[in-house]
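Data first, discussion second: the structure below is written as structure tokens.
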Number of protein chains: 2
Amino acid sequence: MAEPRTRPKRATIFDVAAEAGVSRGTVSRVLNGEPYVSQSAREAIEAAIEKVGYVRNTAARNLATQSSGAVALIVHEPHSVFVEDPNIGAILLGTNAALSEADYQLVSLIIDTDRDTERVVSYLGGGFVDGAIVVSAREDDPIADALQRLRIPTVLVGRPDTAPELPSVSIDNRTSARQITERLVATGRRRIGMIAAALDRDSGRDRLAGFRDALGDRFDATLVVDVPLYSFHAGQEGMRALLDRAPDINGVFAASDAIAAGAVDVLRADGRRIPDDVGVVGFDDSAWALRCQPALSTVRQPADRLGARAAELVLDEIRTGERRSGVVLLPTEVVWRDSA
Amino acid sequence: MAEPRTRPKRATIFDVAAEAGVSRGTVSRVLNGEPYVSQSAREAIEAAIEKVGYVRNTAARNLATQSSGAVALIVHEPHSVFVEDPNIGAILLGTNAALSEADYQLVSLIIDTDRDTERVVSYLGGGFVDGAIVVSAREDDPIADALQRLRIPTVLVGRPDTAPELPSVSIDNRTSARQITERLVATGRRRIGMIAAALDRDSGRDRLAGFRDALGDRFDATLVVDVPLYSFHAGQEGMRALLDRAPDINGVFAASDAIAAGAVDVLRADGRRIPDDVGVVGFDDSAWALRCQPALSTVRQPADRLGARAAELVLDEIRTGERRSGVVLLPTEVVWRDSA
DNA sequence: TTCTATTCTGTGAGCGCTCACAGATCCTTC
DNA sequence: GAAGGATCTGTGAGCGCTCACAGAATAGAA
């Protein structure tokens, strides 16, 4: 932290009061939109604020109200994913918008290593934030646990089974996956495989479950490969494995667009035409989807709205003190393009 | 902002003083690492801090020191770029790391619309941050101007010509562009074109200048096309235009990897082999580079170090009160792969 | 021993704000 | 025309910390 610095003195609530010819209390009242202020006083104060160029000092306010005016967005992903994953950026943007609307400050905390976990937990214990949003929590996430212990209003993005007490906002991965797979079925594909990923998260598991739902009796576990990451490379590897097991495969559901792009790459290298020989569908509607040749059919998830909704829920709990547990599911949209 | 909330009472500096049998002043001294504290007092206080679980209240400290303990990272890009551009995420991460090391809080502000500009300027005027880092400032950027007026310590990432008084950290775009183009020349290409972008920023202009440097007399202005964005689509369009103008082209320098990927796409669709018929090089060493077929030769820029260095400079100015203007150039690295 | 430097410690004031309370003013209503 | 309620306003205390100052303790030199 810094040595104190001298900056041009800012006007305080005192200056405003003097200028308007009223007391601090009255100024504070109009600042906070409280009732019981006369019209004339209100106008005088507003004019005075304008005149002296007053802006509120957050530190003082936070000290007096015993709150921080900040909400943490905790992203539990390695740096590489943080940089690459389009959804995370969109969630961040959505959260930021909703929070600043309500005059709250977003503080983003990125957890990469175990050391970060510790640091973040102690930061959270410091009362620096009034609430928290956790993105991509794992099962038994120590952060979620800590947040619960500290009784900090928290909302999860995604829906980990481990912390059902915590409210969360998510998309219906299962139904979405079922819908897009069904369309694959409807176009006459009979040998349909899936490249699944992140089975340690609910999102990954639910996409697999939806795939299974759509196939019903025809589901064949040997046509499911599990890759470690939502990445292009993982998609390539997954597709090669699938091709090994079932050379006659004619439909593929990839757990993300990046994976689908990898799969498309391998399929074309293998001389197969898309969608004629093999239909491929993805998930996310990220930039990958349009970048593929042909453009990918996929599921669009409203990542920014996910972030915004989470922020609203946290704000609500901060204000009312009441936790509304439960899962908020935001609608997705299946986008049909040319890959299937 | 919130109604006050009751949270379990936290220990204050008072509790620590009582526990250790000393006064507040002495506790404050050890907290701030000041001299003139006896060994015994220091030990007693440290034990007391541990025992009562004390953590410092930032709001109170900020109020007393008249500083905020926060540094803003201002990103002047449309949301889409923010989400897509790998460099921005890396800069953010680097800044965050350097700042939290020094116990400062990163506050990221994203400017998308003109309304955002206004809001951010007033936010900045509110004394919420002790310093600022501006990413992708434009020429005549109103934010940079405001920051100067408010006399807030500021460092630019990138090197806009308009605010030479402000210190900045950047890469040497011109030399890097020259180096990678020279290699294109060295492999025997004679008809070399460039897909340039963002010529309203120094980065874009410098890359073009470096290209020109490398070609010397052989530079042919008709082989330079200018595209509006650092994107895949822009790359496709740019390449088509280049092909129209010079069907015999055999070397292409793209101003970014995304553009290069678009160019590669068009070239292959046109039946040209890479690197045999046409050599292609990019810039950034982003995820695009490895994703291309064949993998792209490109310039790696240390985006995270850019962010970290900017943070260090801001911190330094905050602490000393002295502005070190001038440009810090971080080294880049040309990465040779298979596309040229 | 006495005097001066040096090291250490406690105290009061104040940062800018909010909150609770007490008091003032105004309007109803009987 | 007085009582009672609603509406409005000012004041004091306090949030947790830092800073400047004054005073205490210790050490070293004369």
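As a basis for the values below, the full set of heavy atoms in this structure was taken, side chains included, without hydrogen atoms, waters or symmetry mates. In what follows, chains are A, B, ... by sequence order, proteins preceding strands, each numbered from 1.
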Hey, what do you get for [atom1] ([X]) to [atom2] ([Y]), rounding to the nearest 0.5 Å?
X: E34(B); Y: S28(B); atom1: CD; atom2: OG; answer: 6.0 Å
X: N57(B); Y: T12(B); atom1: CG; atom2: OG1; answer: 9.5 Å
X: I74(A); Y: D141(A); atom1: CD1; atom2: CG; answer: 8.5 Å

Test item: D130(A) side-chain N/O and G69(A) main-chain N/O as donor-acceptor pair under 3.5 Å: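 Yes; at least one donor-acceptor contact below 3.5 Å.
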
Roughly, in whole Å, what's the span from [atom1] in [X] to [atom2] in [N]?
X: R56(A); N: dC17(C); atom1: CZ; atom2: P; result: 8 Å
X: N57(A); N: dC17(D); atom1: CG; atom2: P; result: 17 Å
X: R42(A); N: dC8(D); atom1: CZ; atom2: P; result: 9 Å
X: L63(B); N: dT18(D); atom1: CG; atom2: C1'; result: 10 Å
X: I45(A); N: dT9(D); atom1: CD1; atom2: P; result: 8 Å

Residues touching DNA chain D, which here means a heavy atom under 4.0 Å, drawn from residues 27-36 of chain A: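 When residues 27-36 of chain A is checked for heavy atoms under 4.0 Å from DNA chain D, the hits, listed by number, are R29(A), Y36(A).
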
Nucleic acid contacts - residues 11-21 of chain B versus DNA chain D, non-hydrogen atoms under 4.0 Å: T12(B), I13(B)

Side-chain-base donor-acceptor pair under 3.5 Å for R24(A) and dT18(C):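 Such a pair exists between side chain and base.
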
[X], [atom1]: over 12 other non-hydrogen atoms inside 6.0 angstrom:
X: E101(B); atom1: CD; answer: no
X: R305(A); atom1: CZ; answer: no
X: R42(A); atom1: CZ; answer: yes

Looking only at side-chain atoms of [X], point me to the closest of [options].
X: Q66(A); options: dC15(C), dT11(D), dC15(D); result: dC15(D)
X: A64(B); options: dC17(C), dC15(C), dT9(C); result: dC15(C)
X: S23(A); options: dC17(D), dG10(D), dT18(C); result: dG10(D)
X: T65(A); options: dT18(C), dT9(D), dG16(D); result: dT18(C)

Positive for side chain to side chain contact (heavy atoms under 4.5 Å, CB included) with V27(B), one of V37(B), V16(B), D15(B): V16(B)

Partners passing side-chain hydrogen bond (donor to acceptor under 3.5 Å, both in side chains) against S100(A) (at least two apart in sequence or in another chain):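 Partners of S100(A) under the side-chain hydrogen bond (donor to acceptor under 3.5 Å, both in side chains) test: R119(B).
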
From CA spacing to verdict: side chain to side chain contact (heavy atoms under 4.5 Å, CB included), R56(B), N32(B): CA-CA 11 Å; R56(B) 202 193 238 147; N32(B) 294 300; 2.7 Å; yes

Rounded (10°) bend between the five-pair end axes of the helix from dT1(C)-dA30(D) to dC30(C)-dG1(D):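 Answer for the end axes of this duplex: 50°.
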
Sugar-phosphate, base or nothing in reach of A41(A), heavy atoms under 4.0 Å: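 Sugar-phosphate, no base atom in range.
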
Residues in salt bridge (Lys or Arg N to Asp or Glu O under 4.0 Å) contact with D316(A), at least two apart in sequence or another chain: R324(A)

Under-4.0 Å side-chain N/O to phosphate OP1/OP2 contact, T26(A) with dG10(D):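 Affirmative; the distance criterion is met.
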
Could I get a table of every N or O pair under 3.5 Å where one atom is in the protein and the other is in nucleotides 24-27 of chain D?
none

